[in-house]
Amino acid sequence: MHDIWVIVLGAGWIGLKALGLFIKAFQSLLAGLMALIAAVIALRPVYKQLHVNQVQTAIAAREVLVGRTKMIDYRRKVAASAIRKITSDFLAVLYQGDPDAEPDIDINWAFEADQIVGQVIEEFQLQQTGMGDREAIDEKRSHLIQAATELRNCLTDIHQFHSYDFDDPDNGWSPEETKAKLAAAEAASKEAEKHLDAKISAVAQSGKDLDDAYVAELDKIRIRVRQINKLVLNEDHSA
(Lines give C-alpha, C1' and ligand atoms only; values in the text may rest on other atoms or scores of the structure.)
Protein backbone atom coordinates (compact mmCIF):
# COMPACT_ATOMS: atom_id res chain seq x y z
CA MET A 1 0.00 0.00 0.00
CA HIS A 2 2.84 2.31 0.86
CA ASP A 3 4.45 1.64 -2.50
CA ILE A 4 1.22 2.57 -4.33
CA TRP A 5 1.03 5.94 -2.60
CA VAL A 6 4.67 6.56 -3.40
CA ILE A 7 3.94 5.87 -7.08
CA VAL A 8 0.82 8.08 -7.12
CA LEU A 9 2.52 10.95 -5.37
CA GLY A 10 5.54 10.58 -7.61
CA ALA A 11 3.37 10.67 -10.72
CA GLY A 12 1.48 13.71 -9.39
CA TRP A 13 4.71 15.50 -8.67
CA ILE A 14 6.00 14.75 -12.13
CA GLY A 15 2.72 16.05 -13.63
CA LEU A 16 2.86 19.27 -11.60
CA LYS A 17 6.47 19.73 -12.53
CA ALA A 18 5.66 19.21 -16.20
CA LEU A 19 2.76 21.68 -15.94
CA GLY A 20 5.08 24.20 -14.35
CA LEU A 21 7.61 23.75 -17.09
CA PHE A 22 4.85 24.13 -19.74
CA ILE A 23 3.55 27.31 -18.15
CA LYS A 24 7.07 28.65 -17.85
CA ALA A 25 7.83 27.83 -21.47
CA PHE A 26 4.57 29.23 -22.88
CA GLN A 27 3.76 31.88 -20.30
CA SER A 28 3.91 34.66 -22.92
CA LEU A 29 1.51 32.80 -25.18
CA LEU A 30 -0.87 32.02 -22.33
CA ALA A 31 -0.76 35.62 -21.16
CA GLY A 32 -1.58 36.76 -24.69
CA LEU A 33 -4.49 34.35 -24.97
CA MET A 34 -5.87 35.46 -21.61
CA ALA A 35 -5.55 39.12 -22.65
CA LEU A 36 -7.30 38.39 -25.94
CA ILE A 37 -10.17 36.60 -24.21
CA ALA A 38 -10.49 39.49 -21.74
CA ALA A 39 -10.52 41.99 -24.62
CA VAL A 40 -13.23 40.07 -26.50
CA ILE A 41 -15.36 39.93 -23.38
CA ALA A 42 -14.81 43.63 -22.75
CA LEU A 43 -15.66 44.56 -26.36
CA ARG A 44 -18.89 42.58 -26.57
CA PRO A 45 -21.02 45.55 -25.45
CA VAL A 46 -19.21 47.74 -28.00
CA TYR A 47 -19.88 45.25 -30.81
CA LYS A 48 -23.51 45.07 -29.78
CA GLN A 49 -23.84 48.85 -29.79
CA LEU A 50 -22.16 49.05 -33.21
CA HIS A 51 -24.67 46.54 -34.55
CA VAL A 52 -27.54 48.53 -33.07
CA ASN A 53 -26.16 51.69 -34.71
CA GLN A 54 -25.86 49.82 -38.01
CA VAL A 55 -29.49 48.76 -37.85
CA GLN A 56 -30.63 52.27 -36.91
CA THR A 57 -28.64 53.74 -39.81
CA ALA A 58 -30.18 51.17 -42.16
CA ILE A 59 -33.68 52.08 -40.99
CA ALA A 60 -32.98 55.77 -41.60
CA ALA A 61 -31.57 54.95 -45.05
CA ARG A 62 -34.68 52.93 -45.84
CA GLU A 63 -36.87 55.94 -45.13
CA VAL A 64 -34.78 58.04 -47.51
CA LEU A 65 -34.92 55.35 -50.19
CA VAL A 66 -38.67 54.92 -49.85
CA GLY A 67 -39.10 58.68 -50.24
CA ARG A 68 -36.86 58.66 -53.32
CA THR A 69 -38.89 55.80 -54.78
CA LYS A 70 -42.08 57.82 -54.47
CA MET A 71 -40.40 60.88 -56.01
CA ILE A 72 -38.98 58.96 -58.99
CA ASP A 73 -42.30 57.20 -59.57
CA TYR A 74 -44.05 60.58 -59.60
CA ARG A 75 -41.52 62.02 -62.08
CA ARG A 76 -41.96 58.95 -64.25
CA LYS A 77 -45.73 59.52 -64.41
CA VAL A 78 -45.28 63.23 -65.17
CA ALA A 79 -42.85 62.41 -67.97
CA ALA A 80 -45.18 59.77 -69.41
CA SER A 81 -48.08 62.25 -69.43
CA ALA A 82 -46.00 64.92 -71.18
CA ILE A 83 -44.73 62.46 -73.80
CA ARG A 84 -48.25 61.21 -74.48
CA LYS A 85 -49.34 64.78 -75.33
CA ILE A 86 -46.89 64.97 -78.23
CA THR A 87 -47.03 61.36 -79.46
CA SER A 88 -50.19 59.30 -79.08
CA ASP A 89 -52.39 62.39 -78.76
CA PHE A 90 -50.89 63.80 -81.96
CA LEU A 91 -51.36 60.52 -83.81
CA ALA A 92 -54.98 60.36 -82.67
CA VAL A 93 -55.60 63.74 -84.33
CA LEU A 94 -53.65 62.91 -87.48
CA TYR A 95 -55.26 59.54 -88.15
CA GLN A 96 -58.67 59.91 -86.47
CA GLY A 97 -58.62 56.30 -85.30
CA ASP A 98 -57.58 54.84 -88.66
CA PRO A 99 -53.84 54.02 -88.63
CA ASP A 100 -53.99 52.82 -92.25
CA ALA A 101 -55.25 56.15 -93.53
CA GLU A 102 -53.12 59.06 -94.74
CA PRO A 103 -52.41 61.58 -91.96
CA ASP A 104 -54.72 64.59 -92.06
CA ILE A 105 -52.37 67.49 -91.33
CA ASP A 106 -54.28 70.66 -90.59
CA ILE A 107 -52.18 73.82 -90.67
CA ASN A 108 -53.90 75.31 -87.63
CA TRP A 109 -53.34 72.08 -85.73
CA ALA A 110 -49.66 72.09 -86.75
CA PHE A 111 -49.29 75.61 -85.33
CA GLU A 112 -50.95 74.63 -82.03
CA ALA A 113 -48.94 71.37 -81.88
CA ASP A 114 -45.76 73.42 -82.33
CA GLN A 115 -46.64 75.38 -79.17
CA ILE A 116 -47.48 72.23 -77.22
CA VAL A 117 -44.15 70.62 -78.10
CA GLY A 118 -42.39 73.82 -77.04
CA GLN A 119 -44.07 73.66 -73.63
CA VAL A 120 -43.08 70.02 -73.19
CA ILE A 121 -39.48 70.80 -74.13
CA GLU A 122 -39.38 73.59 -71.54
CA GLU A 123 -40.77 71.22 -68.91
CA PHE A 124 -38.11 68.60 -69.60
CA GLN A 125 -35.34 71.20 -69.73
CA LEU A 126 -36.43 72.39 -66.28
CA GLN A 127 -36.30 68.80 -65.02
CA GLN A 128 -32.86 68.38 -66.55
CA THR A 129 -31.42 71.27 -64.55
CA GLY A 130 -33.26 70.88 -61.26
CA MET A 131 -34.18 67.25 -60.55
CA GLY A 132 -30.82 65.86 -59.48
CA ASP A 133 -31.48 62.51 -61.16
CA ARG A 134 -28.95 59.81 -61.93
CA GLU A 135 -26.76 60.24 -64.99
CA ALA A 136 -28.58 57.48 -66.89
CA ILE A 137 -31.92 59.29 -66.50
CA ASP A 138 -30.43 62.68 -67.41
CA GLU A 139 -28.87 61.16 -70.53
CA LYS A 140 -32.14 59.64 -71.75
CA ARG A 141 -34.03 62.85 -71.00
CA SER A 142 -31.43 64.79 -73.01
CA HIS A 143 -32.07 62.49 -75.98
CA LEU A 144 -35.80 63.04 -75.54
CA ILE A 145 -35.34 66.81 -75.60
CA GLN A 146 -33.36 66.51 -78.84
CA ALA A 147 -36.04 64.33 -80.45
CA ALA A 148 -38.79 66.71 -79.31
CA THR A 149 -36.84 69.68 -80.69
CA GLU A 150 -36.61 67.98 -84.07
CA LEU A 151 -40.36 67.32 -83.96
CA ARG A 152 -41.01 70.96 -83.21
CA ASN A 153 -38.78 72.07 -86.08
CA CYS A 154 -40.74 69.77 -88.37
CA LEU A 155 -44.06 71.27 -87.23
CA THR A 156 -42.66 74.77 -87.68
CA ASP A 157 -41.66 73.96 -91.24
CA ILE A 158 -45.16 72.59 -91.93
CA HIS A 159 -47.12 75.65 -90.79
CA GLN A 160 -44.64 78.46 -91.36
CA PHE A 161 -45.49 78.79 -95.07
CA HIS A 162 -49.06 79.62 -94.03
CA SER A 163 -48.55 81.29 -90.64
CA TYR A 164 -45.62 83.61 -91.30
CA ASP A 165 -46.17 87.03 -92.87
CA PHE A 166 -43.66 87.04 -95.69
CA ASP A 167 -44.98 90.40 -96.92
CA ASP A 168 -44.17 92.18 -93.67
CA PRO A 169 -42.15 95.31 -94.58
CA ASP A 170 -40.02 94.81 -91.49
CA ASN A 171 -38.48 91.82 -93.23
CA GLY A 172 -36.68 94.20 -95.53
CA TRP A 173 -36.88 91.78 -98.45
CA SER A 174 -37.16 92.75 -102.07
CA PRO A 175 -40.10 91.28 -104.06
CA GLU A 176 -37.73 88.75 -105.58
CA GLU A 177 -36.41 87.75 -102.15
CA THR A 178 -39.95 87.44 -100.78
CA LYS A 179 -40.94 85.23 -103.67
CA ALA A 180 -37.88 83.04 -103.13
CA LYS A 181 -38.59 82.80 -99.38
CA LEU A 182 -42.18 81.79 -100.07
CA ALA A 183 -41.11 79.11 -102.51
CA ALA A 184 -38.55 77.74 -100.09
CA ALA A 185 -41.07 77.72 -97.23
CA GLU A 186 -43.65 75.93 -99.37
CA ALA A 187 -41.12 73.27 -100.37
CA ALA A 188 -40.01 72.87 -96.75
CA SER A 189 -43.63 72.47 -95.64
CA LYS A 190 -44.34 69.70 -98.12
CA GLU A 191 -41.08 67.93 -97.24
CA ALA A 192 -41.70 68.21 -93.49
CA GLU A 193 -45.12 66.60 -93.84
CA LYS A 194 -43.39 63.47 -95.16
CA HIS A 195 -41.27 63.19 -92.01
CA LEU A 196 -43.83 64.07 -89.35
CA ASP A 197 -44.65 60.45 -88.54
CA ALA A 198 -40.98 59.57 -88.14
CA LYS A 199 -40.37 62.54 -85.86
CA ILE A 200 -43.28 61.54 -83.62
CA SER A 201 -42.03 57.95 -83.54
CA ALA A 202 -38.55 59.14 -82.55
CA VAL A 203 -40.02 61.05 -79.61
CA ALA A 204 -42.04 57.97 -78.59
CA GLN A 205 -38.90 55.80 -78.65
CA SER A 206 -36.92 58.35 -76.64
CA GLY A 207 -39.80 58.47 -74.18
CA LYS A 208 -39.69 54.69 -73.82
CA ASP A 209 -35.93 54.82 -73.23
CA LEU A 210 -36.44 57.43 -70.51
CA ASP A 211 -39.15 55.32 -68.90
CA ASP A 212 -36.83 52.29 -68.95
CA ALA A 213 -34.17 54.37 -67.18
CA TYR A 214 -36.68 55.32 -64.49
CA VAL A 215 -37.68 51.66 -64.07
CA ALA A 216 -34.04 50.56 -63.77
CA GLU A 217 -33.40 53.16 -61.07
CA LEU A 218 -36.54 52.12 -59.19
CA ASP A 219 -35.48 48.46 -59.33
CA LYS A 220 -32.07 49.30 -57.84
CA ILE A 221 -33.63 51.23 -54.99
CA ARG A 222 -36.20 48.52 -54.25
CA ILE A 223 -33.45 45.87 -54.11
CA ARG A 224 -31.63 47.98 -51.53
CA VAL A 225 -34.84 48.46 -49.53
CA ARG A 226 -35.41 44.69 -49.50
CA GLN A 227 -31.86 44.16 -48.24
CA ILE A 228 -32.46 46.63 -45.41
CA ASN A 229 -35.81 45.00 -44.61
CA LYS A 230 -34.06 41.63 -44.32
CA LEU A 231 -31.43 43.10 -41.98
CA VAL A 232 -34.04 44.71 -39.75
CA LEU A 233 -36.21 41.57 -39.77
CA ASN A 234 -33.24 39.42 -38.70
CA GLU A 235 -32.51 41.89 -35.92
CA ASP A 236 -36.12 41.68 -34.69
CA HIS A 237 -35.93 37.86 -34.60
CA SER A 238 -32.63 37.90 -32.71
CA ALA A 239 -33.85 40.42 -30.14
Side-chain angles (χ1 to χ4, degrees), residues 75-131 133-215:
R75 292 178 182 174
R76 179 189 175 196
K77 292 176 180 177
V78 170
S81 177
I83 294 165
R84 188 165 52 249
K85 290 179 183 177
I86 60 175
T87 54
S88 56
D89 287 1
F90 280 6
L91 293 175
V93 173
L94 290 171
Y95 290 94
Q96 297 295 317
D98 186 0
D100 296 325
E102 289 295 320
D104 182 14
I105 304 176
D106 179 78
I107 297 304
N108 292 325
W109 170 84
F111 180 83
E112 293 173 1
D114 186 334
Q115 310 309 307
I116 294 172
V117 176
Q119 293 169 3
V120 170
I121 291 172
E122 289 180 3
E123 182 177 343
F124 281 120
Q125 286 175 334
L126 181 62
Q127 293 177 10
Q128 194 76 343
T129 57
M131 290 298 194
D133 285 315
R134 298 289 186 184
E135 183 178 347
I137 294 176
D138 283 342
E139 180 184 358
K140 299 304 180 183
R141 188 162 48 221
S142 176
H143 293 167
L144 174 60
I145 291 172
Q146 293 175 11
T149 300
E150 291 180 11
L151 172 59
R152 187 181 191 189
N153 292 338
C154 181
L155 289 165
T156 300
D157 286 341
I158 290 173
H159 72 74
Q160 192 165 245
F161 172 65
H162 303 275
S163 61
Y164 185 75
D165 185 5
F166 288 87
D167 295 320
D168 188 342
D170 291 338
N171 291 330
W173 299 332
S174 67
E176 291 76 14
E177 288 175 324
T178 299
K179 185 177 180 179
K181 298 283 186 182
L182 276 167
E186 183 178 18
S189 178
K190 292 178 180 179
E191 184 65 22
E193 288 184 359
K194 301 176 184 178
H195 301 287
L196 181 58
D197 262 8
K199 299 300 182 183
I200 295 174
S201 296
V203 172
Q205 181 59 55
S206 294
K208 183 181 181 303
D209 292 341
L210 175 60
D211 189 69
D212 289 344
Y214 274 125
V215 171

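Scope of the values below: all heavy atoms of this structure, side chains included, with no hydrogens, waters or symmetry mates.
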Among residues at least two apart in sequence or on other chains, which ones pass salt bridge (charged side-chain N to carboxylate O under 4.0 Å, His left out) with Lys85? none
Residues Lys190 and Glu193 bridged, charged N to O under 4.0 Å: no
Does the plane of the ring in Phe166 sit parallel, tilted or perpendicular to the ring in Phe161? Use 30° and 60° as the thresholds. tilted
Rounded to the nearest 0.5 Å, how far apart are CG of Asp89 and CD1 of Ile83? 12.0 Å
How long is the gap from NZ on Lys208 to NZ on Lys140, to the nearest 0.5 Å? 10.5 Å
About how many Å separate CG of Asp212 and CD1 of Ile137, when rounded to the nearest 0.5 Å? 11.5 Å
I'd like to check the salt bridge (charged side-chain N to carboxylate O under 4.0 Å, His left out) partners of Arg84; sequence neighbours left out, ordered by chain and number. none
Would a distance-only check, ignoring hydrogens and angles, find a side-chain to backbone donor-acceptor pair under 3.5 Å from Ser81 to Lys77? no
Should Leu94 and Trp109 be marked as a side-chain contact (heavy atoms from CB on, under 4.5 Å) after you check the CA-CA gap, both sets of side-chain angles, and the distance that decides it? CA-CA 9 Å; Leu94 290 171; Trp109 170 84; 3.7 Å; yes
If I compare all heavy atoms of His159 with all of Ala110, which pair ends up nearest, and what's the gap? CD2-O, 3.7 Å
Interatomic distance, Thr178 atom OG1 to Lys181 atom NZ [nearest 0.5 angstrom]: 9.0 Å
To the nearest 0.5 Å, tell me how far Ile105 CD1 sits from Leu155 CG. 8.5 Å
Test salt bridge (Lys or Arg N to Asp or Glu O under 4.0 Å) on Glu191 and Lys194 and set out the steps. CA-CA 5 Å; Glu191 184 65 22; Lys194 301 176 184 178; 3.5 Å; yes
Give a yes or no on whether the backbone of Arg152 and the side-chain of Thr156 come within a donor-acceptor separation of less than 3.5 Å. yes
Arg141 side chain near Gln127 side chain, heavy-atom distance below 4.5 Å: yes
Nearest heavy-atom approach of Val120 to Ala82 is CG2-O, 3.9 Å
Is the shortest side-chain heavy-atom distance between Asp157 and His195 below 4.5 Å? no
When rounded to the nearest 0.5 angstrom, what distance separates CG in Leu196 from CZ in Phe90? 8.5 Å
List the atom of Arg75, the atom of Tyr214, and the distance in Å for their closest heavy-atom pair. CB-OH, 3.8 Å
Are side-chain heavy atoms of Trp173 and Leu182 found at a separation under 4.5 Å? no
Report, one line per pair, each donor and acceptor closer than 3.5 Å where one atom sits in a side chain of residues 199-206; sequence neighbours left out.
| residue | atom | partner | partner atom | Å |
| --- | --- | --- | --- | --- |
| Ser201 | OG | Asp197 | O | 3.1 |
| Gln205 | NE2 | Asp209 | OD1 | 3.0 |
| Ser206 | OG | Ala202 | O | 3.1 |

If you define the side chain from C-beta out and look only at heavy atoms, does anything of Val78 sit under 4.5 Å from Glu123? yes
List the atom of Ile86, the atom of Leu151, and the distance in Å for their closest heavy-atom pair. O-CD2, 3.7 Å
Which heavy atom of Ala213 sits nearest to which heavy atom of Ala136, and what is that distance? CB-O, 4.2 Å
